[in-house]
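Quick notes on the structure that follows.
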Amino acid sequence: MYDADLTNYRRMDGETDDAPRIQRAINATGNGVLMIPKGIYRIASPLMILNKCSLVLHSSAKLLAVCPMDFVLTYDGGEGHSALAVYDDDGQIFDNLNLFIKGGDIDGNGLASCLRITNAHHFTLKDISLHNGKQYGLCVGGGRGHLYELIATNVYCKCTLAGLAGNTGIYTDLSDSHYVDCIVVDYTVGIESRGSSNRFTRCHVWGGIIPPEGYSQKEWSDLYQRRKENPGEDQTTWFDGRIPEMLKNSICFHMIGAGNNLTDCYADTAKIGYRIHQDTFLSNCGAFNNTRMGLTDLVIIEHLGGMLSVLGCYFRQCSKNEILYQGIEKDVLWQNNVVRAFLPPEQAKSSG
């Protein structure tokens with residue numbers, strides 16, 4: 001169900017990309033729903049939603065950045081959302097709480113961050129891919145604006161291009177929102193929350209696809225496959241310092257704000273699994289290091305400040321140089337956790 005279809009908005013004479021026609025369609029669909037059909041749409045200038053337009057993108061619709069810009073798409077509900085209630089131009093309370101962006105793929109193409117959302121009271125982001133963000137895949141807030149109760153579900157952030165080290169998959173400096181079933185692959189920082197009281201549930205962060213310096217993608221894929229098929233070989237040769245680009249200085253979950261809650265989250269192969277600055281709660285979370293990526297000297301939990309609660313979690317030490325906990329060594333509640341210690345290959349084999 002939608003109010004406008006991008007098919008009815010064609011390129012005008014002289015237009016060489018799709019940003020102008022998409023922007024015209026957005027501008028004409030205030031407080032309505034715009035449908036973007038299947039296709040690849042070249043974006044040479046930033047798209048802005050400033051009129052409470054919601055978007056439905058076909059699962060095979062891609063907004064592809066072809067020029068440098070800050071973000072491919074920005075949703076900004078307006079400064080009125082900093083108040084308890086939002087009013088329309090006639091002074092009536094505007095209380096549409098089901099505005100949304102659903103579906104499709106926004107690809108920063110190494111030229112731009114993908115999506116920024118700010119200024120909303122309850123907003124839904126669902127079933128969307130965010131590829132190759134230069135600085136961010138998803139940025140919530142970004143230093144200005146107000147938002148609470150963002151419901152982000154099945155958001156898939158992934159980098160497939162080299163040269164983007166240092167970026168962040170999901171970033172928020174706002175609070176009181178829910179991130180459920182979100183996946184981040186090969187962004188240097190998976191999820192960073194500078195806001196407070198955000199909930200992260202069943203979020204999985206991992207990396208290692210983009211090859212180390214000096215390898216082609218094919219060479220790295222073949223080497224990884226060989227390691228996978230020969231687990232008994234001398235694994236010390238794997239840790240030669242040539243690790244995948246996005247694993248250098250990598251962090252799966254970076255919790256800077258206070259009162260963030262992580263449930264059933266999985267830190268999978270990074271230099272730091274969970275970096276904690278203020279009061280944070282980990283429940284039924286896990287950590288694992290895929291040694292085939294060649295990553296060693298990693299820390300599963302780095303505790304820099306605040307109270308840390310770790311309950312019912314499962315941690316596997318996969319190589320001898322991994323550290324389970326490093327930090328201030330106080331204000332830690334540790335209960336009902338399972339830790340599987342590293343066993344050398346020969347000892348693991350003899351023990352079954």
With a 4.5 Å limit on heavy-atom distance, are the side chains of L161 and N109 in contact?
-> yes
Donor-acceptor pairs under 3.5 Å, side chain of residues 41-49 to any protein atom, not counting sequence neighbours: which ones?
| unit_1 | atom_1 | unit_2 | atom_2 | d |
| --- | --- | --- | --- | --- |
| Y41 | OH | P37 | O | 2.8 |

Sequence neighbours excluded, the answer for side-chain contact (heavy atoms from CB on, under 4.5 Å) partners of M1 is none
Partner set under side-chain contact (heavy atoms from CB on, under 4.5 Å) for A112, not counting sequence neighbours = A65, M69, V72
K218 meets the side chain to side chain donor-acceptor pair (under 3.5 Å) criterion, sequence neighbours left out, with D222
For residues 66-84, which residue pairs qualify under side chain to side chain donor-acceptor pair (under 3.5 Å), counting only residues two or more places apart or in two chains?
-> D76-N119
Applied to residues 248-258, the side chain to side chain donor-acceptor pair (under 3.5 Å) test, sequence neighbours excluded, yields E192-H254, H254-H277
For I93, the rest of its hydrophobic cluster, which grows through side-chain links under 4.5 angstrom | Y87
Besides Y314, the hydrophobic cluster formed by Ile, Leu, Val, Met, Phe, Trp and Tyr side chains linked at under 4.5 Å, directly or via other members, contains V338
Which pairs with one or both residues in residues 151-178 pass ring-ring contact (aromatic ring centres under 6.0 Å, His included), sequence neighbours excluded?
-> Y136-Y171
Could you list all the ring-ring contact (aromatic ring centres under 6.0 Å, His included) pairs where at least one residue sits in residues 223-252, not counting sequence neighbours?
-> none
For residues 28-36, run the donor-acceptor check on the side chains, cut-off 3.5 Å, and write out each pair with its distance to 0.1 Å, sequence neighbours left out.
| unit_1 | atom_1 | unit_2 | atom_2 | d |
| --- | --- | --- | --- | --- |
| T29 | OG1 | A25 | O | 2.6 |
| N31 | OD1 | N96 | ND2 | 3.2 |

Distance-only donor-acceptor pairs under 3.5 Å for side chains of residues 199-212, two or more places apart:
| unit_1 | atom_1 | unit_2 | atom_2 | d |
| --- | --- | --- | --- | --- |
| R199 | NH1 | S197 | O | 3.4 |
| R202 | NE | D181 | OD1 | 2.7 |
| R202 | NH2 | D181 | OD1 | 3.4 |
| R202 | NH2 | D181 | OD2 | 3.1 |
| H204 | NE2 | D268 | OD2 | 3.1 |

Quick one: do the [X] and [Y] side chains pair a donor with an acceptor below 3.5 Å?
X	Y	result
T280	N260	no
T263	N284	no
T160	N132	yes

